[in-house]
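Since the model is a prediction, treat every value here as computed from it, not as a measurement. In what follows, chains carry the letters A, B, and so on, assigned in the order in which the sequence lines appear, proteins first and then strands, with residues in each chain numbered from 1.
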2 protein chains.
Amino acid sequence: MSVGHTAVTTPPAPGDPVISCDTPQDECGVRDVLDRLGDKWSVYVVVELAAGVRRFKELQRAVPGGISQRMLTLTVRRLERDGLVHRTVHPTIPPQVEYELTETGHSLTHLVKALADWSIAHRPAFTASRAAWDAAHPDSEIR
Amino acid sequence: MSVGHTAVTTPPAPGDPVISCDTPQDECGVRDVLDRLGDKWSVYVVVELAAGVRRFKELQRAVPGGISQRMLTLTVRRLERDGLVHRTVHPTIPPQVEYELTETGHSLTHLVKALADWSIAHRPAFTASRAAWDAAHPDSEIR
DNA sequence: CCGAATCCAACTCGATACTG
DNA sequence: CAGTATCGAGTTGGATTCGG
């Protein structure tokens with residue numbers, strides 16, 4: 001601890017990883033992933049596809065929260081564009097379209113797993129902290 | 001293939017992690033994290049704070065892209081509410097406020113590091129895939 | 001069955017101006 | 001310095017309808 005003004009409860013960065021944003025205006029590269037994973041549905045689609053090939057309707061039913069057709073279409077299209085999902089159209093009647101993860105997409109599942117693990121592990125802390133904050137700031141616009 | 005309608009073409013998941021959304025309407029817990037990390041600035045703030053304690057203005061200068069005062073305030077407030085960042089106010093003149101990661105916040109840096117690593121590793125594939133898709137779908141509304 | 005097209009509500013973000 | 005307040009543009013997501 002010692003001198004100046006920085007009496008912190010935790011040391012600056014004990015064994016923390018150094019995330020190098022070397023070039024200042026570079027964005028560490030995280031923008032690419034987060035722009036995709038940050039939206040409302042992509043993660044759930046990836047999670048479901050991690051379990052195997054799925055048809056459109058199967059995906060729609062599997063995604064928690066009830067995704068609209070429109071949003072599912074948009075989501076899988078964007079995932080396809082980014083090379084995370086492969087789309088196979090069987091020109092049958094009725095039409096049948098299958099979605100599956102590409103190799104890149106599969107590698108992403110490990111990341112999502114890490115995300116889910118962290119989230120589950122810290123959910124109690126999250127909830128508690130939020131409740132405390134909300135109680136201390138009754139009429140705040142944050143949230 | 002065989003019977004029903006659920007004939008899968010690829011093996012469900014070779015060595016992929018199983019992300020258990022056991023309860024169907026549960027959201028695997030990822031929503032909590034992604035709602036925070038998914039916004040435009042939180043990750044950069046966490047990255048910068050991973051390097052040590054920062055004051056408001058220091059943060060603002062450090063974040064790439066040029067964050068407005070308003071957005072920085074909102075971002076750190078939300079991070080504070082979630083228990084990821086601790087805020088210390090020194091009632092001096094001029095005012096001095098220091099931000100630092102909490103223990104939970106520090107544990108998050110490993111996740112962000114994983115995110116950044118994955119992103120950097122797959123950025124070429126991303127870029128290529130997008131370019132190819134865009135070329136194949138010249139006038140699409142996706143993007 | 002899979003999706004495109006349209007319309008609309010809600011939210012996010014940025015710019016600007018002002019305060020203790 | 002570290003915010004708060006206000007306004008407006010842009011984006012996202014949902015509901016609905018229609019088509020191949």
Side-chain angles (χ1 to χ4, degrees), chain A residues 5 27 31 34-45 48-49 53-81 85-100 137 139-143, chain B residues 4-7 27 31 34-45 48-49 53-81 85-100 137-143:
Chain A
H5 57 301
E27 304 185 349
R31 202 46 26 209
L34 285 172
D35 277 352
R36 191 57 41 243
L37 261 44
D39 65 28
K40 196 171 179 181
W41 304 108
S42 293
V43 173
Y44 301 128
V45 170
E48 182 60 22
L49 289 182
V53 177
R54 292 289 183 273
R55 297 181 53 178
F56 187 88
K57 206 75 176 179
E58 289 179 318
L59 264 182
Q60 191 177 11
R61 276 188 291 261
V63 167
I67 186 175
S68 64
Q69 274 192 347
R70 167 184 158 80
M71 287 316 297
L72 183 53
T73 301
L74 284 179
T75 303
V76 293
R77 281 297 183 288
R78 290 197 269 241
L79 289 170
E80 190 192 6
R81 180 169 106 99
V85 160
H86 179 69
R87 179 166 168 270
T88 312
V89 180
H90 300 277
T92 60
I93 295 180
Q96 176 169 349
V97 181
E98 287 178 335
Y99 297 93
E100 64 190 312
H137 306 80
D139 46 354
S140 168
E141 48 158 337
I142 312 289
R143 252 154 260 183
Chain B
H5 58 302
T6 47
E27 304 184 348
R31 204 40 31 205
L34 284 172
D35 277 352
R36 193 55 42 241
L37 261 45
D39 65 29
K40 195 170 178 181
W41 304 108
S42 293
V43 173
Y44 301 129
V45 170
E48 182 59 23
L49 289 182
V53 177
R54 292 290 184 273
R55 296 180 53 178
F56 188 89
K57 206 75 177 180
E58 289 178 317
L59 264 182
Q60 191 177 11
R61 277 187 290 260
V63 168
I67 185 174
S68 64
Q69 275 191 344
R70 167 184 158 79
M71 287 316 296
L72 182 54
T73 301
L74 284 177
T75 303
V76 291
R77 282 294 184 288
R78 291 196 269 242
L79 289 170
E80 190 192 5
R81 181 170 104 100
V85 159
H86 180 69
R87 179 167 168 268
T88 312
V89 180
H90 299 278
T92 59
I93 296 179
Q96 177 170 347
V97 181
E98 289 178 336
Y99 296 93
E100 62 189 314
H137 306 79
D139 46 354
S140 169
E141 49 158 337
I142 311 289
R143 254 154 259 182

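Regarding contacts with the backbone of D:dC1, every side-chain N or O of B:Y99 stays at 4.0 angstrom or more from both OP1 and OP2. Side-chain nitrogen and oxygen atoms of A:R78 include at least one within less than 4.0 Å of the OP1 or OP2 phosphate oxygen of D:dG13. Contact check, A:R87 against C:dG3: a side-chain N or O comes under 4.0 Å of OP1 or OP2. B:K40 has no side-chain polar atom (N or O) that falls below the 4.0 Å cut-off from OP1 or OP2 of D:dT11.
To the nearest angstrom, C1' of D:dG3 lies 16 Å from CD of B:E98. To the nearest angstrom, C1' of C:dT12 lies 17 Å from CG of B:L37. Put simply, CG on B:D139 is 13 Å from C1' on C:dA4, counting in whole angstrom units. Here D:dG20 presents its C1' atom at 18 Å from NE2 of A:H90, a figure rounded to the nearest Å. As rounded to whole Å, 12 Å separates atom P of C:dG3 from atom CD1 of A:I67. As rounded to whole Å, 14 Å separates atom P of C:dC1 from atom CG of A:L59. In this structure, A:R70 places its CZ atom 9 Å from C1' of C:dT6, rounding to the nearest Å. At whole-Å resolution of the value, CD1 in A:I93 and P in C:dC2 are 14 Å apart.
Listed here is the closest heavy atom pair of B:P64 and B:W41: O-CZ3, 3.4 Å.
Taking the side chain of B:R77 as heavy atoms from C-beta on, and the options D:dT4, C:dC1, D:dG13, the nearest nucleotide is D:dT4. Minimum atom distance to the side chain of B:W41 is reached by C:dC13, of the listed C:dA4, D:dG3, C:dC13. Nearest to the side chain of B:P95, among D:dC1, D:dG3, C:dC2, sits D:dC1.
Contact of the B:T73 side chain with the B:F56 side chain is registered, since non-hydrogen atoms from C-beta on lie closer than 4.5 Å. Residues A:E100 and A:T88 are in side-chain contact: their nearest non-hydrogen atoms beyond the backbone lie under 4.5 Å apart.
Proximity of a side-chain donor or acceptor of A:R77 to a complementary backbone N or O of B:R143 within less than 3.5 Å is not detected.
Toward the 5' end of DNA chain C, the nearer of the two residues A:Q69 and B:M71, judged by each one's closest nucleotide, is A:Q69.
One distance of note links NE2 of B:H90 with CD of B:E98; it measures 3.5 Å at 0.5 Å rounding.
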